[in-house]
Student: 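Take a look at this one; I'll ask things after.
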Amino acid sequence: MTADGGLLGVTEVEAIKSTWAIVQTDLKGHGVKFFIHFFTGFPEYQKVFRGFSEVPLTDLSSNKRLIAHGYTVMTAISGLVDNLDDPEVLTELLLTTGRNHIKRKLKKGDFQNLRESLLEFFGKALGEKWTTTAAEAWKKVLGFIVDKIGEGLTETQT
């Protein structure tokens with residue numbers, strides 16, 4: 001993932017880490033805001049979550065299950081960012097994420113939609129800190145993330 005790994009250069013890794021540092025200051029808050037953004041763009045995905053499938057968007061910000069899930073996802077992204085310099089661990093985290101979502105019958109395309117929504121969300125949440133370099137770096141790394149999760153989703157259960 002770093003300059004040695006071939007996907008990201010040093011400047012791109014720095015851009016990812018510096019923008020994530022901003023998000024990381026409030027993982028719960030950003031997690032909730034992200035999922036509200038995601039469900040606004042893709043309302044069909046809210047139905048996948050039994051704990052808040054019927055909760056109106058206007059009430060989601062106080063829903064404990066959404067808060068917990070948003071926090072869990074943001075914490076997972078922190079783990080991915082922390083392992084950009086360790087491609088083997090990063091790959092295993094992503095394959096495991098894919099495997100863990102098989103039972104939910106999700107497909108790679110679902111994670112591609114999540115990727116696009118996350119990129120939009122970062123642009124809104126980070127404002128002027130969302131530079132062209134940061135946007136391109138996140139686009140690359142999220143593409144890698146979706147590809148590896150997709151591989152995990154297609155592994156056969158043993």
Side-chain angles (χ1 to χ4, degrees), residues 1-9 12-24 26-53 60 65-126 130 133-158:
M1 293 303 302
T2 61
D4 315 309
L7 183 64
L8 299 173
E12 292 170 313
V13 171
E14 288 172 2
I16 288 171
K17 289 186 175 189
S18 67
T19 51
W20 186 252
I22 297 166
V23 174
Q24 205 169 21
D26 183 13
L27 292 178
K28 279 186 194 174
H30 283 107
V32 168
K33 289 175 188 168
F34 166 67
F35 273 99
I36 290 171
H37 175 80
F38 182 57
F39 296 148
T40 299
F42 297 96
E44 65 274 19
Y45 287 111
Q46 187 178 346
K47 302 289 182 222
V48 174
F49 296 92
R50 288 180 297 178
F52 45 86
S53 64
L60 275 178
R65 284 192 156 166
L66 175 71
I67 294 167
H69 188 68
Y71 180 74
T72 299
V73 170
M74 292 294 142
T75 301
I77 295 172
S78 284
L80 301 176
V81 170
D82 290 345
N83 282 286
L84 286 175
D85 61 347
D86 192 341
E88 290 178 4
V89 170
L90 180 62
T91 296
E92 189 53 38
L93 288 168
L94 295 168
L95 292 172
T96 299
T97 299
R99 288 183 211 115
N100 290 343
H101 285 80
I102 290 172
K103 63 185 171 218
R104 293 174 180 83
K105 302 191 185 323
L106 295 176
K107 305 288 183 225
K108 183 177 175 180
D110 299 318
F111 284 92
Q112 288 169 327
N113 290 338
L114 190 78
R115 170 188 181 248
E116 293 309 312
S117 189
L118 191 57
L119 289 168
E120 288 175 6
F121 174 74
F122 283 162
K124 291 178 181 180
L126 296 170
W130 188 243
T133 301
E136 289 302 314
W138 275 103
K139 189 181 280 188
K140 282 184 189 179
V141 80
L142 289 173
F144 175 82
I145 287 169
V146 168
D147 286 346
K148 291 299 173 189
I149 289 173
E151 288 177 29
L153 284 168
T154 60
E155 287 184 5
T156 54
Q157 301 275 39
T158 56

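Computed from a predicted structure; not experimentally measured.
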Student: With side chains defined as the heavy atoms from C-beta onward, is the minimum distance between Thr19 and Trp138 less than 4.5 Å?
Tutor: yes
Student: For Gly143 and Arg115, work out which heavy atoms get closest and say how close.
Tutor: N-NE, 3.4 Å
Student: Closest approach of His101 and Thr97, non-hydrogen atoms and distance?
Tutor: ND1-O, 2.7 Å
Student: I need the Leu142 CG to Ile149 CD1 distance, nearest 0.5 Å.
Tutor: 9.0 Å
Student: Minimum heavy-atom separation for Ala137 to Leu8, with atom names?
Tutor: O-CD2, 3.9 Å
Student: For Asp147, check side chain to side chain contact (heavy atoms under 4.5 Å, CB included) against everything at least two apart and list the hits.
Tutor: Lys108
Student: Please report the C-alpha distance between Lys148 and Glu151 in whole Å, then the side-chain angles of each, then the deciding distance to 0.1 Å, and finally whether the salt bridge (charged side-chain N to carboxylate O under 4.0 Å, His left out) criterion is met.
Tutor: CA-CA 5 Å; Lys148 291 299 173 189; Glu151 288 177 29; 3.2 Å; yes
Student: I'd like to check Val23 versus Phe34 (side-chain heavy atoms, cut-off strictly below 4.5 Å). Are they in contact?
Tutor: no
Student: Atom CD1 in Ile67, atom CG in Leu27: separation rounded to 0.5 Å?
Tutor: 13.5 Å
Student: Out of the candidates Lys140, Lys17, Lys139, only one should pair with Glu12 under the salt bridge (charged side-chain N to carboxylate O under 4.0 Å, His left out) rule; please name it.
Tutor: Lys140
Student: Once rounded to the nearest 0.5 Å, what's the spacing between atom CG of Asn113 and atom CD of Glu44?
Tutor: 7.0 Å
Student: Are there more than 12 heavy atoms of other residues, nucleotides or ligands under 6.0 Å from atom OH of Tyr45?
Tutor: yes
Student: Tell me, do Ile22 and Phe122 make a side-chain contact under 4.5 Å, heavy atoms counted?
Tutor: no
Student: Determine the minimum heavy-atom distance between Gln112 and Val146, stating which atoms define it.
Tutor: CG-CG1, 3.5 Å
Student: Is it true that the side chains of Trp20 and Ser78 contain a donor and an acceptor less than 3.5 Å apart?
Tutor: yes
Student: Hey, are the side chains of Met74 and Thr72 touching, using non-hydrogen atoms and a 4.5 Å cut-off?
Tutor: no
Student: What's the spacing between Asn83 CG and Thr91 OG1 if we round to 0.5 Å?
Tutor: 10.0 Å
Student: Is there a side-chain contact between Val73 and Phe38 in this structure, where contact means two heavy atoms from C-beta onward sitting under 4.5 Å apart?
Tutor: no
Student: Run the side-chain contact (heavy atoms from CB on, under 4.5 Å) test on Trp130 and Leu119 for me, step by step, so that the C-alpha distance in whole Å, both residues' side-chain angles and the decisive distance to 0.1 Å come before the verdict.
Tutor: CA-CA 10 Å; Trp130 188 243; Leu119 289 168; 4.1 Å; yes
Student: Among Leu114, Leu80, Leu118, find the residue that satisfies the side-chain contact (heavy atoms from CB on, under 4.5 Å) test when tested with Ile145.
Tutor: Leu80
Student: Might you work through the salt bridge (charged side-chain N to carboxylate O under 4.0 Å, His left out) test for Arg99 and Glu92, ending with a clear yes or no?
Tutor: CA-CA 10 Å; Arg99 288 183 211 115; Glu92 189 53 38; 3.1 Å; yes
Student: Mind listing the closest non-hydrogen atom pair of Leu84 and Leu90 along with its distance?
Tutor: CD2-CD2, 4.3 Å
Student: If you draw a 6.0 Å radius around CD in Glu88, do more than 12 non-hydrogen atoms from other residues or ligands fall strictly inside?
Tutor: no
Student: Measure the shortest side-chain to side-chain distance between Asp110 and Arg104 over non-hydrogen atoms and say whether it is less than 4.5 angstrom.
Tutor: no
Student: Taking all non-hydrogen atoms of both residues into account, name the closest pair between Lys47 and Ser53 and its distance.
Tutor: NZ-O, 3.6 Å
Student: Check whether any side-chain heavy atom of Phe35 sits under 4.5 Å from a side-chain heavy atom of His69, and report yes or no.
Tutor: yes
Student: side-chain contact (heavy atoms from CB on, under 4.5 Å) between Phe144 and Leu94: does it pass, once the steps are laid out?
Tutor: CA-CA 9 Å; Phe144 175 82; Leu94 295 168; 3.8 Å; yes
